[in-house]
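Values reported hereafter were calculated over all heavy atoms of this structure, with side chains retained and with hydrogens, waters and symmetry mates removed. Treat the numbers as computed from the prediction; the structure is a model and nothing was measured.
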Amino acid sequence: MKILNCPINGPRPLQEFHFGGELRPNPLDRKDGADADWADYVFNRDGEPGVKREWWYHIPSGTWFIAERDNVTDQFQRTYLYGAEQTDG
Amino acid sequence: MNVAMNPAPAAARRSPIHDALEARGAEWRDVNGTTFAVRLRDEPAGDDIPAAALCDLSGLNQLGVKGPDAANWLSTAGVDVPADLYESRPLPSGGRVVRFGAHEFFLEDGIAGSKASELSEQLGFGAEQVYRVEHQDATFLLTGPRSLDVMAQTCGIDFREANGGRAIFTRVAGVSCALLPETIADQQAFRLWLDPSYAPYLWEELVVIVESLGGHVVGAGRLFPDLPA
Amino acid sequence: MPYRLLKYALHKDHPEPRMFRAPERLKEEYDAVIIGGGGHGLGAAYYLAKEHGITSVAVLEKGYIGGGGTGRNTAIVRSNYLTPEGARFYQESVDLFRDLSREFNFNLFYSERGHFTLAHSPASLNTQRWRAEVNKHLGIDSEVVDRAFIKKTVPEIDLDAGGHQAPIYGALYHPPGAIARHDAVAWGYARGADQRGAEIHQQTAVTGVEVRDGEVAGVHTDKGFIKTRKVLSAVAGWTTSITRMVGLRTPLVIHPLQALVTEPLKPWLNSIVVSASLHLYMSQSSRGELVAGASLDPYELISMRSTLDFAEGMSAGMLDLFPFLGDVKILRQWAGLCDMTPDFSPIMGTTPIKGFYIDAGWGTWGFKATPVSGKTMAWTMANDHDHELIKAFNLSRFGRFQLVGEKGAASVGH
């Protein structure tokens with residue numbers, strides 16, 4: 001059984017989680033509004049192999065958090081609440 | 001609409017598994033505006049708690065509150081406010097209060113006691129920055145010497161090491177639950193709170209497992225002999 | 001007994017030549033380089049030589065041919081798609097598939113079985129009616145059938161799913177739905193391409209694509225540099241590693257999709273049975289094994305690992321429909337990579353980089369498109385502009401917000 005460590009609820013089986021996609025900059029922070037930039041934000045993804053920062057959701061408790069995961073080896077490297085990257089490992 | 005001005009609904013709650021209990025010949029009794037199955041037709045005779053006992057307590061009065069002033073409001077009302085996340089404390093006259101978040105609390109009256117329902121009626125009159133979180137959770141109680149085995153079959157957490165009195169959010173047979181390990185009549189027990197729409201499914205699953213371990217579905221009267229008449 | 005076979009029995013060695021040559025080393029320069037020795041890449045090499053006379057072609061495969069998506073799918077071919085672009089494209093593929101064994105002189109075991117998409121609710125049945133009408137309008141043999149028809153065609157099915165799932169209300173039925181021996185498709189194209197002069201280099205990994213002034217200049221491999229002005233990336237689940245080399249952004253995300261086969265049984269299941277509600281599609285191969293696939297794994301992963309979750313869930317779905325399989329053993333399970341697009345249509349054709357062509361976004365629908373992809377990509381490379389059938393699938397559609405929403409695609413949640 002694969003285990004993921006929720007920053008609030010601790011280690012839990014992966015079945016308790018939902019994958020929320022890659023962590024991306026807030027589009028409202030963009031200064032420009034060109035169609036091409038907007039299309040890039042809406043559709044394009046960083047689907048390359050490597051360690052990714054991703055949103056994950058602990059379903060029973062309703063906790064969204066960030067996980068750093070290698071999308072080739074499927075190893076979770078660390079998890080933390082959004083914005084708590086510096087303080088929590 | 002000003003949510004805080006809404007008084008709590010006064011109608012008695014009915015368990016989401018009312019029909020399943022009715023089919024087992026439930027003997028009903030109204031306690032504090034709630035209808036409980038106190039005894040079921042096929043329960044073993046006597047008062048012993050079987051190897052595993054599954055009991056429906058849905059209908060206990062519940063109250064969810066959140067907001068920056070929620071802890072203070074509860075404390076002023078005489079509630080012993082849990083300090084840590086997921087910690088639970090007893091309510092003054094029966095029942096429990098559990099901290100669900102930094103500013104969120106869940107209260108449930110016991111078979112005796114009415115603190116949650118009293119506070120529910122007071123909420124919204126003069127309390128600033130305290131908001132109701134609507135809860136219509138089903139409440140199941142599982143106890144008996146083999147209740148750990150039931151949890152082992154349905155859930156990914158090893159409850160042999162679980163810290164009593166602390167709530168755990170997990171999935172039981174695939175259903176998201178808040179779960180509170182407790183002790184009833186010197187027996188390990190688990191209280192499960194869940195969305196009522198999943199209650200009939202989870203009840204059915206738990207009944208199959210409990211009965212396969214030599215346990216029984218029991219009425220509230222067996223676990224709470226002092227249930228008010 | 002064929003004379004050829006008898007001759008082998010009497011000989012000490014077996015003079016039957018290999019399917020294709022194994023060239024010793026790469027040349028310095030080719031007219032075109034194809035990255036990826038799957039069905040699509042080999043198909044493109046085949047049609048480049050056969051239809052466009054371009055024979056100085058190297059197919060570079062980092063593993064062995066047909067070892068990726070080509071050999072890992074559940075080998076289903078059908079054309080009951082929903083968009084005019086998709087239906088036209090896949091129908092052309094079905095037409096090509098039908099003649100392919102003869103064209104190759106090589107048996108692909110292409111076998112038309114009839115394809116059921118089961119509806120487990122009245123709402124789902126309405127969707128199937130819609131699909132059937134759209135299909136008919138596009139000239140595709142497709143209709144809605146009732147429970148009695150399903151039961152008559154597949155007598156072993158439990159139409160009420162044992163009471164564990166919603167009952168079956170009816171199905172979309174697509175008579176030309178077929179299965180084929182997928183490895184053979186890769187081998188057939190490989191042999192055909194090889195006989196016409198293309199080179200197939202296995203165990204050759206691409207490490208970089210050289211782009212000068214917006215034009216392709218060559219390909220770096222672990223066996224040295226090759227000069228070329230045309231490169232096709234036909235690597236499906238590994239596309240994001242190649243597009244990174246040339247700095248192209250794409251919407252592709254990679255998810256594994258798992259499948260399994262059971263031990264071989266006597267033939268009993270003639271049809272292909274698909275249930276979106278149970279996340280299941282199933283057929284019986286010419287070897288007698290039941291081949292079954294699921295939906296995508298729930299999160300992105302560029303790895304072909306297998307999980308117990310899948311084997312459990314798949315078995316549960318199979319038993320709901322066919323309870324008598326309870327004692328049948330699973331022989332093996334595996335995963336393939338699906339490069340998913342947001343609109344469930346492929347990404348094909350030219351790119352902003354001159355000479356760099358892409359054949360990707362094959363998600364869960366790649367095998368059935370093998371012949372038509374090979375053919376249209378070869379045309380596109382030879383003419384340096386997109387073939388009519390694939391114009392709608394160009395990578396630039398995302399920038400223009402002109403997606404081709406293909407809701408007829410397999411094993412994706414809609």
Top contributor to chain A contacts, counting heavy-atom pairs under 4.5 Å, from C/Leu301, C/Asp309, C/Asp339: C/Leu301
Structural part of A/Lys2 lying under 4.5 Å from a heavy atom of chain C: side chain
Side chain proximity check, A/Phe19 to C/Pro298, heavy atoms < 4.5 angstrom: no
Candidates A/Asn44, A/Val42, A/Asp40 - the one meeting side-chain contact (heavy atoms from CB on, under 4.5 Å) with C/Pro251: A/Asn44
Distance-minimising heavy-atom pair for A/Ala39 and C/Gly399: CB-CA, 3.8 Å
Region of C/Arg305 that comes under 4.5 Å of a non-hydrogen atom in chain A: side chain
Gap between atom CG of C/Leu252 and atom CD of A/Glu48 - 0.5 Å precision: 10.5 Å
Other residues, nucleotides, ligands: >12 heavy atoms within 6.0 Å of A/Tyr82 OH: no
Chain A contacts, top residue of C/Thr250, C/Leu308, C/Val253 (heavy-atom pairs, under 4.5 Å): C/Thr250
4.5 Å side-chain heavy-atom contact, C/Pro342 and A/Arg45: no
Side chains of A/Asn71 and C/Tyr299, donor plus acceptor under 3.5 Å: no
A/Arg69 vs C/Glu300 side-chain heavy atoms within contact, under 4.5 Å: yes
Neighbour count >12 (heavy atoms, 6.0 Å) for atom NZ, C/Lys223: yes
Residue pair C/Ser303 / A/Asp74, side-chain heavy-atom distance below 4.5 Å: no
